[in-house]
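Structure first, commentary second.
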Amino acid sequence: MLRRALPRRPEARRLLIGTLLSAVGRGLTLPFLFIYLTDVRGLTDTRAGLVIGWYGAVTLALSPLGGTLIDRFGARRVVVPCLLIEAVGTGSLALVHSTGSALLVMTVVAVGSSAIWSGQNTILASLTDDDERQRVFGLNFALLNLGIGIGGMTSGAIVDTARPGTFQTIYVLDAVSYLIPALILLTLPGVGHRLGRLRTGDEPSAGGYLTVLRDRPFRRLVIFGLVLTTCGYAQIEVGFAAYAVRVVEVTPQVVAWALAANTVMIVLAQLLVIRRIEGRSRTGALVVVGAVFAAAWLVLGAGGVVSTGNAVVAALCVVACSAIFGFGETMLSPVMPALTNALATDELRGRYNAMSSMIFGISGVIGPVTAGPLLGAADGRVWVATVVGGCLVASLVALSLRRLLSPEQDGRPTTAPASPDPAPAPAPA
């Protein structure tokens with residue numbers, strides 16, 4: 001299955017290696033930014049939250065510009081500088097000592113990260129054919145999670161809030177990891193150039209973000225993504241953890257085991273899933289994703305019901321929720337970018353991918369803001385009902401998207417029209 005999922009072009013394979021190695025560095029620091037800012041650098045919880053929220057806001061604000069620059073100059077000329085900026089910013093986190101310096105450094109990090117994801121997706125799409133693109137994006141996601149898992153386990157054994165140098169070490173290592181994909185791109189001079197052709201002065205423009213938003217199928221896909229990620233991904237950091245600890249009453253260690261179960265599920269199931277969904281309707285897979293996410297939240301809600309009677313079962317519900325959620329991710333991760341790039345034109349591919357990545361940024365703002373009040377109502381039952389209902393609404397939106405797509409865009413096999421029966425030979429005179 002791994003051999004089948006690998007892209008045909010060696011350049012794309014080398015980019016996947018860069019994804020894995022840089023993800024290890026990302027995993028070193030991903031779980032610890034809040035702890036580092038508060039317990040090591042002495043920021044209050046409110047100020048640390050402000051710093052992290054500022055990073056998200058700047059990234060979201062700059063993402064549209066990143067898509068425009070990718071289409072105008074090529075992804076290579078945008079991604080390489082952004083990776084270098086990201087490396088400088090991440091390494092500088094080791095030196096922050098106040099709220100002001102943390103805001104400054106996180107601004108640099110946000111500038112770098114604003115176009116990396118959309119640019120790398122644009123490059124990967126340009127190096128793969130339609131028939132393999134879905135498999136390659138799925139493999140890319142599995143490698144990303146494998147690297148993050150390796151990095152997280154490594155840093156968990158290293159960091160110590162009583163020794164600030166341990167945190168400084170992982171941020172420097174994370175910075176070095178961003179240089180790896182940059183070096184790989186620099187060794188591939190024929191990769192990542194402008195996809196759309198240059199137009200003469202009297203030719204009409206290929207359009208911009210308004211053209212992208214006028215694309216009715218893509219607009220429907222964006223609505224699906226916003227609903228699903230707001231009620232799905234955006235709830236993991238706040239809603240999931242808060243409900244598990246406060247309502248289900250499990251320890252933070254159980255939450256950590258649950259997140260590990262999510263990573264294990266993705267790494268083990270991704271190749272099997274991309275094989276099973278190949279040649280099937282992409283919108284059908286998105287419908288299933290919404291249902292799977294809803295099932296995961298229902299299992300977590302069940303943990304809140306049984307928590308007072310059986311702590312072991314409650315803990316298993318928390319872990320099972322995260323694992324089930326991971327299974328849904330294995331379907332979403334190959335289908336969403338593949339469908340985005342099936343709808344995109346070469347002239348606007350950067351903007352399509354930027355808009356797709358902005359879905360996660362927008363939901364990342366809406367989700368945490370709404371989770372708090374909902375968790376406080378009726379012992380969290382209102383929150384559970386809302387996220388379950390939202391995921392099911394996303395499934396309905398995905399179902400309505402199918403009629404707007406051609407079979408090729410939806411990933412369904414096309415049946416060639418049957419050739420007419422040959423006319424019978426004339427009878428001999």
Show, in sequence, the C-alpha distance, side-chain angles and deciding distance for T46 and T44, and conclude whether the side chain to side chain donor-acceptor pair (under 3.5 Å) test is met.
CA-CA 5 Å; T46 300; T44 64; 4.8 Å; no

F325 and F240: aromatic ring centres closer than 6.0 Å?
no

If I compare all heavy atoms of C321 with all of L300, which pair ends up nearest, and what's the gap?
SG-CB, 3.7 Å

What do the steps show when you test Y55 against S113 for side chain to side chain donor-acceptor pair (under 3.5 Å), and what is the final call?
CA-CA 10 Å; Y55 161 79; S113 62; 3.2 Å; yes

When you measure from the side chain of R76 to the backbone of L188, do you find a donor-acceptor pair of N or O atoms at a distance under 3.5 Å?
yes

With a 4.5 Å limit on heavy-atom distance, are the side chains of P181 and Q120 in contact?
yes

Reference residue L286; test side-chain contact (heavy atoms from CB on, under 4.5 Å); the match among L221, L228, V397
L221

Determine the minimum heavy-atom distance between R133 and T128, stating which atoms define it.
NH2-O, 2.9 Å

Indicate yes or no: at least one non-hydrogen side-chain atom of V247 is less than 4.5 angstrom from one of W383.
no

Do the side chain of S114 and the main chain of V111 share a donor and acceptor less than 3.5 angstrom apart?
yes

Ignoring hydrogens and geometry, is there a side-chain-to-backbone donor-acceptor pair from S322 to V318 under 3.5 Å?
no

Spacing of CG belonging to L37 relative to CG belonging to L50, to within rounding of 0.5 Å:
11.0 Å

For a quick test of reading the model, state the closest non-hydrogen atom pair linking A302 to C317 and the distance between them.
C-SG, 4.4 Å

Can you list the steps and then say if E329 with N262 is a side chain to side chain donor-acceptor pair (under 3.5 Å)?
CA-CA 9 Å; E329 290 179 84; N262 176 272; 2.8 Å; yes

Test item: V79 and T122 side chains (from C-beta on) under 4.5 Å apart, heavy atoms
no

Output for pair (Y36 OH, Y171 OH), nearest 0.5 Å, gives 6.5 Å

Consider only side-chain N and O atoms of S406 and R412, and report whether a donor and an acceptor are under 3.5 Å apart.
no

Can you tell if the side chain of I70 reaches within under 4.5 Å of the side chain of S118, non-hydrogen atoms only?
yes

Within a radius of less than 6.0 Å around CZ of F141, do more than 12 heavy atoms belonging to other residues, nucleotides or ligands occur?
yes

Is there any side chain to side chain donor-acceptor pair (under 3.5 Å) pair reaching into residues 286-302, and which pairs are they, with sequence neighbours excluded?
none

Is it true that, when you exclude R47 itself, more than 12 heavy atoms of the residues, nucleotides or ligands shown sit nearer than 6.0 Å to its CZ?
no

Show your reasoning for whether side-chain contact (heavy atoms from CB on, under 4.5 Å) applies to S126 and L195.
CA-CA 8 Å; S126 70; L195 297 175; 3.8 Å; yes

Assess whether side-chain contact (heavy atoms from CB on, under 4.5 Å) is satisfied between L84 and L179, documenting all intermediate values.
CA-CA 7 Å; L84 298 178; L179 300 178; 3.8 Å; yes

Report yes or no: does S155 contribute a side-chain atom to a donor-acceptor pair with the main-chain N or O of L28 at less than 3.5 Å?
yes

Side-chain H-bond candidate by donor/acceptor type, R282 with Q134, under 3.5 Å:
yes

Is it the case that the side chains of N121 and N341 hold a donor-acceptor pair, with the cut-off being a distance below 3.5 Å and no angle test?
no

Salt bridge (charged side-chain N to carboxylate O under 4.0 Å, His left out) partners for D174, two or more places apart
none

Show the nearest heavy-atom pair for residues A75 and G119, with the distance to one decimal.
CB-O, 3.7 Å

Report yes if some heavy atom in the side chain of F218 is under 4.5 Å from a heavy atom in the side chain of M355; otherwise report no.
yes

Heavy-atom distance under 4.5 Å between the side chains of V288 and V292, does that happen here?
yes

Where the side chain of T330 meets the backbone of Q270, is there a donor-acceptor pair that is under 3.5 Å apart?
no

Whether R280 side chain and G411 backbone form a donor-acceptor pair below 3.5 Å
no

Between L93 and V96, is any pair of side-chain heavy atoms under 4.5 Å apart?
yes

CZ of R26 to OG1 of T90: how many Å apart, nearest 0.5 Å?
7.5 Å

The reported gap from CG in D45 to CG in D39 (rounded to nearest 0.5 angstrom) is 8.0 Å

Check whether any side-chain heavy atom of Y209 lies under 4.5 Å from a side-chain heavy atom of P64, and answer yes or no.
yes

Give the C-alpha distance, both sets of side-chain angles, the deciding distance and a yes or no for side-chain contact (heavy atoms from CB on, under 4.5 Å) between D131 and R8.
CA-CA 11 Å; D131 64 326; R8 298 187 186 98; 2.5 Å; yes

Quiz question: by atom type and distance under 3.5 Å, do the side chains of T230 and S363 form a donor-acceptor pair?
no

Within this structure, what is the CD1-OG distance for the pair I184 and S22, rounded to the nearest 0.5 Å?
8.0 Å

Checking side-chain polar atoms at under 3.5 Å, does T263 have a donor or acceptor matched by the opposite partner on N145?
no

Side-chain donor or acceptor of R219 paired with backbone N/O of L213 under 3.5 Å
yes

How close do L405 and Q409 get, counting heavy atoms only, and between which atoms?
CA-OE1, 3.6 Å

Nearest-0.5 Å distance, CG of residue L144 to CH2 of residue W117
5.0 Å

Chi angles and distances behind the side chain to side chain donor-acceptor pair (under 3.5 Å) call for R220, S400:
CA-CA 8 Å; R220 190 71 56 89; S400 70; 2.9 Å; yes

Distance alone, cut at 3.5 Å: any donor-acceptor contact between the side chains of D160 and T166?
no

Given the rule in the salt bridge (charged side-chain N to carboxylate O under 4.0 Å, His left out) test, do D129 and R9 qualify, once you have shown the distances and angles that lead to the verdict?
CA-CA 10 Å; D129 297 327; R9 294 184 60 172; over 6 Å; no

Are there more than 12 heavy atoms of other residues, nucleotides or ligands under 6.0 Å from atom CZ of R246?
no

Would the number of heavy atoms belonging to other residues, nucleotides or ligands and lying under 6.0 Å from CZ of R276 be above 12?
no

Minimum heavy-atom distance P7-R13, with the two atoms named
O-NE, 2.7 Å

Chi angles and distances behind the side-chain contact (heavy atoms from CB on, under 4.5 Å) call for Y243, V384:
CA-CA 9 Å; Y243 187 91; V384 172; 3.7 Å; yes

